Amino acid sequence: MSDSYYGRPVIKEPTWTWEIPIYLFTGGLGGGSAVLSAAARLAGNERLAKTSLYLGAAGDVVSAPLLIADLGRPERFLNMLRVFKVTSPMSVGSWVLFVSGGASSTAAVLETLDRLRPVKYLAELVSALFGGPLATYTGALLANTSVPVWHEGRHELPWLFGASGTATAGAAAALLLPPEEAGPARRLAIGCAAAELAAMEVMQHRVGRLLAEPYRKGLSGQLTRASKLCVAAGAGLLAWKGRQSRSAAVGGSTLVLAGEMLLRWGVFKAGFASARDPKYTVLPQRQRRDSNR
Amino acid sequence: MSVPDGWLAYGDEQQERVGFFTDTSVCIGCKACEVACKEWNLVPEDGLVFTGESYDNTSTLGANSWRHVAFIEQEKPLRLDDEDGEPLRWLMSSDVCKHCTHAACLDVCPTGSLFRTEFGTVVVQEDICNGCGYCVPACPFGVLDKRHIPSLPATTTRVSGSEPQASERPDGRVWKCTLCYDRLKGGHEPACAKACPTDSIQFGPLDELRARADARLEKLQQENWNGVQLYGRDPDDGVGGFGAFFLLLDEPEVYGLPPDPVVTTRDLPGLWAQTALAAGAVVLGVVASFLGGRR
Amino acid sequence: MPGLGTSFGRGGATDYQQDLQNSDVITIMGSNMAENHPVGFQWVMEARERGARVFHIDPRFTRTSAMATDYIRIRAGSDIAFLGGVVNYILQNDLWFEEYVKRYTNAPVIIDERFQDTEDLDGLFSGWDPEKRAYSIESWSYKGMAVHGSGGETEQGFRTKGEQSGHGGHGGGLHHGEPPEEDETLQHRNCVFQILKRHYQRYTPELVAETCGCSVEQFVDYCEAITQSSGRERTGAFCYAVGWTQHTVGVQYIRTAAIIQQLLGNMGRPGGGILALRGHASIQGSTDIPTLFNILPGYLPMPRAEYYGNFDNFMKANISPTGWWGHFKAYWVSLMKAYFGENATEENEWLFEKLPRVDDDNSVYWTTQQMLDGKVKGYLLAGENPAVGNTNSKAHRLALAKLDWLVVRDVVEIESAAFWYDSPEIASGELKTQEIPTEIFFLPAATHTEKDGSFTNTQRLLQWHFAAVEPKQDCRSDLWFYFHLGRLIKQKLADSQEPRDELIKALRWEYPTHSAIQEPDAEAVLAEVSGWEVPTGKFLSAYKELKEDGSTVCGCWIYCGAHADGINQTARRKPHWEQSYVAPEWAWAWPANRRLLYNRASADPDGKPWSERKKFVWWDAEQGKWTGLDTPDFEETKPPDYVPPDGAEAEDAIAGDHPFIMQADGRSWLFVPQGLEDGPLPSHYEPHESPFDNPLYSQRSNPVRLAPERPENRFNDDRYPYVATTYRLTEHHTAGGMSRTVPYLSELQPAMFVEVDPELARLEGLEHGGWATISTARTSIEARVMVTDRLKPIAVEGRKTHQVGLPYHWGSRGLTTGAAANDLAPIALDPNVHIQEVKAFTCAIRPGRRRR
Ligand SMILES: Nc1nc2c(c(=O)[nH]1)N[C@H]1C(S)=C(S)[C@@H](COP(=O)(O)OP(=O)(O)OC[C@H]3O[C@@H](n4cnc5c(=O)[nH]c(N)nc54)[C@H](O)[C@@H]3O)O[C@H]1N2
Ligand SMILES: Nc1nc2c(c(=O)[nH]1)N[C@H]1C(S)=C(S)[C@@H](COP(=O)(O)OP(=O)(O)OC[C@H]3O[C@@H](n4cnc5c(=O)[nH]c(N)nc54)[C@H](O)[C@@H]3O)O[C@H]1N2
Ligand code: SF4
Ligand code: SF4
Ligand code: SF4
Ligand code: SF4
Ligand code: SF4
Ligand SMILES: [Mo]
C-alpha cells in the first residue's frame with residue numbers, strides 16, 4: 001500500500017458532467033463547419049456553404065447552453081467574460097466560442113433573412129477564422145489539467161479533437177446533402193476520420209503502456225473501441241459507396257458522427273478513470289522523480 | 001523563478017509572502033486543525049462515513065475539508081537505528097492547499113475568481129466563482145472541489161467514481177483553504193495553525209519557514225529518522241515551490257501526495273503551439289477537401 | 001487522589017504541564033496523553049525535541065505511542081507488577097538517590113513489629129478481617145505511635161478515607177514532627193526501606209515480562225533509562241490518567257509510581273513529579289470544592305452520623321498536632337463563616353450541631369443499587385450522563401427507570417434524560433415506555449461560553465472564563481439555578497419553625513445579580529471562596545491569614561488568595577513571553593499560586609540547588625528566605641537547619657529539611673501507615689475479571705475491592721476469554737453529550753468501533769469494517785470492526801491472549817449513535833475512591849450484528 005493512500009486518488013476527478021462531452025462534439029461540429037462553410041463559399045459551392053453555415057451555427061448555439069448548464073452557478077456564466085487569460089484555455093475558449101458563435105449565428109440569421117450581405121460575409125469570415133481554434137482548443141482545455149491521460153496526451157489532443165471536429169463537420173454536411181453536392185464534405189469526413197484514428201494511435205503509443213490503459217480498459221476502453229469501429233466503418237463506407245449511394249452516404253456519415261461522439265465520451269471518461277486511480281498519477285511521476293534524483 | 005505569479009503586481013501593497021511549514025514529525029493527529037478551520041470558515045459538515053482507514057474519516061481534501069489529517073499505520077521503525085524497538089509506526093500528517101508559487105488552479109480559472117493575494121497566497125472569491133470546475137482537475141494535488149450540499153449519500157461519494165447528479169449541487173462553487181485571508185488581513189495567524197497544539201503547523205514568512213525546515217531536516221537526519229524528507233520546499237520544483245510545504249517521514253505518495261507535481265500550465269506554450277498548428281491544419285484539411293471537385 | 005495525597009500530602013498533580021519540557025525522561029503510563037490532553041502534550045514533544053526519552057506504556061499503540069521515543073506494550077491491569085519490578089530493579093542495583101531518600105522520605109522510619117507483608121501472608125497484609133472484608137490498620141503504623149486519623153473518626157473506628165485522604169496524611173502524635181524510631185542507616189529489619197526491599201524482591205524482570213507481556217529487554221531498557229535520569233543533575237516525570245485509576249487497585253497503581261519517584265528523588269524538582277492528568281475541564285475543581293458526598297471544600301471531612309460528640313471533640317480529632325493540618329480549626333471556622341455569615345458564632349459552635357451528617361456510603365454506585373432496590377425515589381442529575389458514562393450503564397438505565405422523579409440539567413437531551421423512550425432496553429422490549437413510572441424534568445443548562453466562571457484544570461490552575469454570549473431561551477447557568485433555587489427555598493422556609501430548617505434559614509445567601517435574567521455575579525462567589533477579613537472587609541491573600549475566631553471568611557482554604565487584593569487573580573493572562581517560563585502571572589494555582597508542589601525538595605537539605613541545571617527554589621542565606629522561580633512550598637523564612645523546639649505545633653513542628661509540609665512528619669511516604677483501605681504498599685493483584693491467575697499470590701484480586709454481585713451485575717467466567725479495555729478518542733468527549741451532538745466532531749469519528757488485532761480477527765472471523773458483537777455476563781453490544789496492527793496478541797504466563805479495545809463515547813442519541821461500551825463493564829470498584837474498573841475486564845467477541 002505504499003504506493004498510495006488507501007488507494008484514494010491523488011488528484012480530483014473533474015466535476016464536469018454529461019454536458020461536456022456533448023459540447024466537445026457540438027463545439028467541434030461548430031468549428032469545423034464554420035471553416036467548411038467559408039471554404040465552400042469561396043469555392044462557390046453555395047449549398048454546402050449554406051448547410052455548413054447552419055450546421056456550424058447550430059453547433060455553436062447548443063454549445064453555449066450546454067456549457068452554462070454544466071456550471072455550478074449557471075447564473076454567473078457571464079463571469080467567463082470578466083477576464084481574458086491565455087493561461088486558461090477555458091477563458092480563451094469562452095471568448096472564441098463567444099466570438100465565433102456570435103458570428104456564425106449572425107451569419108446564419110442574415111442568411112435566412114437574406115439581408116445585409118456584407119455584414120454576413122464579415123460574420124462568416126470571423127466565424128471561419130475562429131472555427132479552427134474552436135475545433136482544437138478543447139484539446140488544450142483537457143490537456144491543460146493534471147489528469148494524467150489528458151495532460152500526457154497534450155501533443156496529440158488538439159490534433160485529435162481538430163481532426164474529430166472537422167470529420168464531424170464533414171460527416172454532418174455529407175449526411176444532409178445529396179452526394180453530388182457533398183464531395184468536399186465527404187472527403188473531409190474520410191480524411192479527417194483517418195487523421196483522427198491516426199492521432200489516437202499516436203497518442204496511445206506515446207503516453208506509454210500505463211497511461212494508454214484507460215483507452216483499453218473499462219468503460220472508457222469500450223467507448224474508445226466502439227468509437228474506432230464506428231469511425232473506421234463509417235469512413236470506409238463513405239469512401240467505398242458514399243459517392244454513389246445516398247443511403248450509403250447517410251449510413252457512413254451517421255457512423256462517423258456516432259464514432260466522433262463516442263470518441264469524445266471515450267476521451268472524457270478515460271480522463272476520469274486516470275484521475276480516479278492513483279497509480280496513473282503516482283507511477284509516472286515517481287519514475288520522473290527517481291530519474292532526476 | 002520562484003516568485004508567485006501575480007504577486008508583484010501589488011506594488012506598495014505587497015506583503016511578505018507567508019505560508020505554512022507542516023512538520024509531520026510532531027503531528028499528534030488530534031485534528032484540531034480540521035475543526036478549527038471548519039469553525040472559523042463556516043465550512044459545513046459533509047457526511048458521517050466510517051471508512052475504517054485508521055482514524056481518518058475525512059479521507060481527502062475537498063470543498064468541505066480544507067485541512068485533512070492523514071493516518072498511516074506502518075510496519076516500519078521510527079528511527080533507522082532502532083532495531084529492537086516497536087516495529088510499528090503511525091504517521092500523521094495534516095494536508096492543506098499548497099498555495100503554489102505557480103498555481104495551476106489560479107492559472108486556469110476563467111473568471112478570475114481565483115487570485116493571488118498580497119501575501120502571495122491563492123484564494124477563491126466566492127462571489128465570483130461560477131463553478132466551471134476547471135480548477136478542480138487542474139490542481140496537481142486534488143485540493144479543490146465543488147461543494148455539494150446536501151452531501152452525496154455515502155455510497156456515491158465522488159471518490160467511488162460516480163459523477164455527481166445535477167440535483168445534488170445547490171452550492172456549486174469550488175472551495176478551498178484561503179490561508180485564512182481574512183485573519184491575515186486582521187494580523188492574525190490562520191485558525192489551523194493557531195489551534196495546532198504541537199506546532200506541527202507553523203505559520204510565518206516563507207523564507208523563515210524554509211530556513212527552519214532545513215535545520216529541522218538536518219536534526220532529524222542526524223537522529224536517524226526513517227524516511228525524513230522535505231516536500232515542496234524546493235523553489236525549483238514543478239510548481240515553483242509550495243507556499244505550504246511539509247516535512248514528511250516517508251515518500252509523498254504514501255500520504256496521498258503526488259511525488260513530482262508539475263503545474264500543468266508549464267506545458268501550456270507548447271500546448272498552444274500544437275493547438276494553433278492543429279487549427280491551421282483544420283483549415284488546410286478543409287481546403288484540401290475541395291481539391292477533388294464538387295461530387 | 002489518595003495515591004498522591006497519602007504519599008506526598010496533597011491530592012493534586014504535583015507539577016504543571018509546562019514543566020515537562022525540563023524532563024530528561026518522561027513516562028506516560030495509564031494515559032493516552034496525546035489524544036486526551038493534546039494541548040499539554042506539546043510539552044512532552046518539547047522535551048523529546050530537547051533529547052528526553054519518552055516512554056509510552058500501554059496495552060494499545062495509540063497516538064501517544066506514535067509520538068513517544070519508546071513504546072512498551074503491556075497487558076491491561078498489570079501495571080503494579082511492572083512498576084513494582086522497577087522498584088525492585090532500583091533497590092537491587094542500588095540506583096536510588098541516597099541523600100534524597102534518607103532525608104526527604106520515610107525510608108528510615110521503623111514500622112510496628114506486628115506488621116506483616118503480602119509476602120508473608122500470600123497476598124494479604126496484617127490486620128485482614130475476612131468477615132468485614134477490610135483491614136484494621138493498627139499494625140501498619142510507625143513504631144511507637146498510635147494512628148491518628150481525622151474527620152472526628154478516631155474514636156468511632158473510622159479513618160481518613162477516599163478523596164479526603166487524598167489530601168494529606170493527617171497523621172498525628174509526632175514528637176518534634178519526627179517519627180519515634182528511625183534508622184538513618186536504613187539497615188533495621190523493620191525500617192521502611194528494608195520492608196520495601198523485601199516486598200518487591202520477587203518482582204524480577206522475568207516476572208514482569210511473564211505477567212505484563214512485555215520483553216525482559218524492554219523492561220530493563222526502561223529501568224536503565226529512568227534510573228539514568230535521576231540524581232542531582234537529571235530528573236524524570238510520570239504522567240498518568242484514568243488508565244491507572246480505573247482499576248480495583250487504581251490508587252495503588254499511583255502509589256507505585258510515587259514510590260519510584262521518591263526513590264529516584266524526582267519529587268518537587270523541575271522536570272520531575274507525577275502529573276495526574278485530570279479529566280473534565282474542572283474535575284480538579286470539583287474535588288477541591290467537591291461534588292462528593294463525604295468531604296467539604298478544601299478536603300475538610302463531612303461530619304458523620306455516628307459521631308454525636310461535641311464540636312471540641314470533632315476539632316480534636318481533626319487538628320493534626322504537626323504540619324499544616326494543625327490549623328484545621330481556622331479552615332473550618334472560616335468555611336462556616338462563608339456559609340452562615342453572622343449566624344455562625346463562637347457561642348453556637350459555628351452551627352456545628354445543625355450540620356447534616358453522612359450515614360452511609362452514598363457514593364454513586366451505591367446509590368444506583370439503592371435505586372434498583374427501589375429505595376431512592378428522586379434523583380437530580382447535573383452535568384453527567386450515567387446512562388452512557390457509568391460502568392454497567394445498563395444497570396444505571398434500569399435504575400433510573402425505577403425512580404419517581406428525575407431532574408436532568410444538561411445542555412442537550414442526553415441518554416440519561418431520554419432512556420424512557422430511546423434506549424437499548426426500549427428497543428429490545430425489556431423496558432416499556434408506558435410502564436416506566438419516572439417523571440422526568442429536563443432543565444436546559446447554559447454552556448461554559450454562556451457564563452462567567454472558573455475552571456480548575458489538571459495542574460490546580462484556576463482559569464477564569466468570561467461569558468461570550470447570553471444563554472438562549474430557558475438555558476441557565478448552574479450558578480443561576482442553584483442560587484435562585486436556594487433563594488426560593490429560603491423564601492418558602494422563612495417562617496418555618498421546624499428545627500430541621502434552621503440551617504437553611506441561617507445560610508448567608510446574598511450575591512449580586514446582573515442582566516435581565518438575574519445572573520448571579522460569579523466573581524462575587526470567587527471572592528467568597530478566596531475570603532476576607534470580617535471586621536475590615538480586606539481580602540485575604542493566603543491561608544496563613546485564616547483565623548479560628550470567626551474573624552475571617554473563606555469558602556475553601558486552599559483557594560485562599562485567588563481573589564487577593566480584590567483582584568480576580570484567576571483572570572490574569574500575562575503571556576509567557578513576558579515572564580519566566582513558570583508563568584506565575586498566568587491565572588492562579590492553588591495553593592498560594594504554587595506551580596510545582598513540594599518545591600523545597602528542589603534544593604538539597606542545606607537549601608542549595610541540587611545542581612545548577614535543576615535549580616528551582618533555594619535558600620538565600622543573605623536575605624534569610626527561600627527564593628527561586630516559583631512560590632516556595634515552604635515557610636518563607638524557615639531556614640534549612642531549623643529544628644522544631646519541644647512542644648512545637650502545626651507547621652512549626654516541621655524541620656527545615658522536610659519538604660513535604662502537609663505530612664505530619666514533613667516527609668514523603670514510601671510506606672503509607674494510614675489513609676488507604678488496601679495496604680501500605682502496592683501489591684500486584686489481577687483485575688476483578690481476568691483470564692489469568694495472580695503469579696505472585698494465591699490472593700488473586702484486591703481483597704478489599706467492592707464488587708456487588710446481583711442480577712443486574714453478573715460477573716464473567718472463562719467463557720469470556722479476552723481482555724477488554726475502554727478508552728477515549730480525541731474526537732469525542734466522555735459520554736458524548738458534548739461531542740456526538742457536534743457535527744464537526746461527529747464526522748471525524750462517525751461510528752462506534754472495536755479494535756482487534758489481526759490474529760484475533762482471523763481466529764473469530766471478524767472482518768475489517770464489518771460488524772462484531774461483544775459480550776459479557778452483563779449484556780452484548782455491537783460495533784464496527786477495526787482490525788489494526790496497533791493491537792497485538794500478548795503472551796502472559798506462557799499463554800497467549802488478545803486485548804479488545806472499546807471507545808466508550810457512544811450512546812443512542814446525537815448525530816452519530818452507537819452502543820455504549822459501558823453496557824459491558826461490571827460494577828467492580830476500587831475500595832478507596834469507589835472508581836469503576838473499566839480499564840480491564842473480560843469479554844467474548846463474534847462476527848455479525850447483535851441479535852435481538
Ligand atoms: N479528547 C478527549 N479528551 C479527554 C476526554 C475525552 O473524552 N476526550 N476525557 C477527559 C477525561 S474525563 C479524562 S478522565 C481524561 C482521561 O484521559 P486518559 O486516561 O488518557 O483516557 P483513556 O483513553 O480513558 O485511557 C488512557 C489509556 O489507558 C490505557 N489503558 C487501559 N488499561 C490500562 C492499564 O491497565 N495500564 C495502562 N498502563 N494503560 C491502560 C488505554 O489503552 C488508554 O490508551 O481525558 C480527558 N480528556
Ligand atoms: N468505560 C468507561 N467508562 C468511563 C470512563 C472510561 O474511561 N471508560 N471514564 C470515566 C470518566 S474519567 C469520566 S469523567 C466519566 C464521564 O462521564 P459523564 O460525566 O457522565 O459524561 P459527560 O458526557 O462528560 O457528561 C457531562 C455532561 O454535562 C453536560 N454539561 C456540559 N456543560 C454543562 C454545564 O455547564 N452545566 C450542566 N448542568 N451540564 C453541562 C454535558 O452536556 C454532558 O452531557 O466517564 C467515566 N466512565
Ligand atoms: S495546491 Fe492546488 S489549489 Fe492549492 S494553489 Fe496549488 S494548484 Fe491551487
Ligand atoms: S470553478 Fe470557480 S474558481 Fe474554479 S476555475 Fe471555475 S470560476 Fe475559477
Ligand atoms: S489557513 Fe485557514 S482556511 Fe486554510 S486550512 Fe488553515 S484554517 Fe483552513
Ligand atoms: S492540529 Fe496539529 S497536531 Fe493536531 S492534527 Fe493538526 S497538524 Fe496534527
Ligand atoms: S479540549 Fe481544552 S482542556 Fe482539553 S486539551 Fe483541548 S484545550 Fe486543553
Ligand atoms: Mo474523567
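Model, not experiment: these values are computed from the prediction. Residue numbers begin at 1 in each chain, while the letters A, B, ... track the order of the sequences.
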Heavy-atom proximity to chain B below 4.5 Å, by part of A:P133: both
Most contact-rich option vs chain A, by heavy-atom pairs under 4.5 angstrom, among B:V287, B:L268, B:V174, B:L61, is B:L268
Residue A:P284 versus chain B: region with a heavy atom under 4.5 Å: neither
What closest approach, in Å, do A:Y6 and B:I72 show between heavy atoms, and which atom pair accounts for it? OH-CA, 4.3 Å
Could you tell me if the side chain of B:C109 sits less than 4.5 Å from the side chain of A:K85, heavy atoms only? yes
Which heavy atom of A:P158 sits nearest a heavy atom of B:L271, and at what distance? CG-CD1, 4.0 Å
Using the side chain to side chain contact (heavy atoms under 4.5 Å, CB included) rule, take A:K12 and B:L144 through it: C-alpha gap first, then chi angles, then the decisive distance, then the call. CA-CA 8 Å; A:K12 287 278 180 297; B:L144 284 145; over 6 Å; no
Please look at B:C135 and chain A and tell me whether the side chain, the backbone, both or neither of the residue comes under 4.5 angstrom of a heavy atom of that chain. neither
Is there side-chain contact between B:Y134 and A:T145, with heavy atoms separated by less than 4.5 Å? yes
Do the non-hydrogen side-chain atoms of B:N130 and A:M80 ever get within less than 4.5 Å of each other? yes
With a 4.5 angstrom heavy-atom cut-off, is it the side chain or the backbone of B:F141 that approaches chain A, or both, or neither? backbone
Heavy-atom side-chain contact between A:R8 and B:S59 under 4.5 Å: yes
When you compare the side chain of B:R173 with that of A:R73, does any pair of heavy atoms fall below 4.5 Å? yes
Hey, are the side chains of A:W16 and B:C132 touching, using non-hydrogen atoms and a 4.5 Å cut-off? no
Please output the residues of residues 255-264 of chain B in contact with chain A, using a heavy-atom cutoff of under 4.5 Å, in numerical order. B:Y255, B:G256, B:L257, B:P258, B:P259, B:D260, B:P261, B:V262, B:T264
So, for B:K146 and A:L71, which heavy atoms are closest and what is the spacing to 0.1 Å? NZ-C, 4.2 Å
Heavy atoms only, distances under 4.5 angstrom: which of B:P269, B:G270, B:G62, B:A70 has the most pairs with chain A? Name it, please. B:A70
Could you give the distance from CZ (A:R82) to OG (B:S113), rounded to the nearest 0.5 Å? 8.0 Å
Under 4.5 Å to a heavy atom of chain B? For A:F161 that would be neither
Does any heavy atom of chain B fall under 4.5 Å from the side chain of A:A182, the backbone, both, or neither of them? backbone
Chain B contact via A:H155 - which portion, at a heavy-atom distance below 4.5 Å: both
Considering only heavy atoms, which portion of B:L277 lies under 4.5 Å from any heavy atom of chain A: side chain, backbone, both, or neither? both
Rounded to the nearest 0.5 Å, how far does OG1 of A:T136 lie from CD of B:Q274? 11.0 Å
Part of A:A40 within contact of chain B (heavy atom distance under 4.5 Å): both
Atom pair OG1/CG of A:T166 and B:L284 - distance to nearest 0.5 Å: 11.0 Å
Sort A:Q287 into side chain, backbone, both or neither according to what part of it lies under 4.5 angstrom from a heavy atom of chain B. neither
Check this for me: does any side-chain nitrogen of one of A:R289 and B:E251 sit under 4.0 Å from a carboxylate oxygen of the other? yes
When only heavy atoms count and the cut-off is under 4.5 Å, which of residues 186-195 of chain A reach chain B? A:R186, A:R187, A:L188
Grab the two heavy atoms, one from A:S91 and one from B:P110, that are nearest each other, plus how far apart they are. N-CB, 3.8 Å
Counting heavy-atom pairs under 4.5 Å to chain B, which of A:N45, A:V92, A:V147, A:L48 comes out on top? A:N45
Is a side-chain donor-acceptor pair under 3.5 Å present for A:Y5 with B:D56? yes
Considering only heavy atoms from C-beta outward, does the side chain of B:T111 approach that of A:V83 to under 4.5 Å? no
With chain A as the partner, which of B:G133, B:C139, B:A138 has the greatest number of non-hydrogen pairs under 4.5 Å? B:A138
Close side-chain approach of A:T15 and B:D145, heavy atoms under 4.5 Å: yes
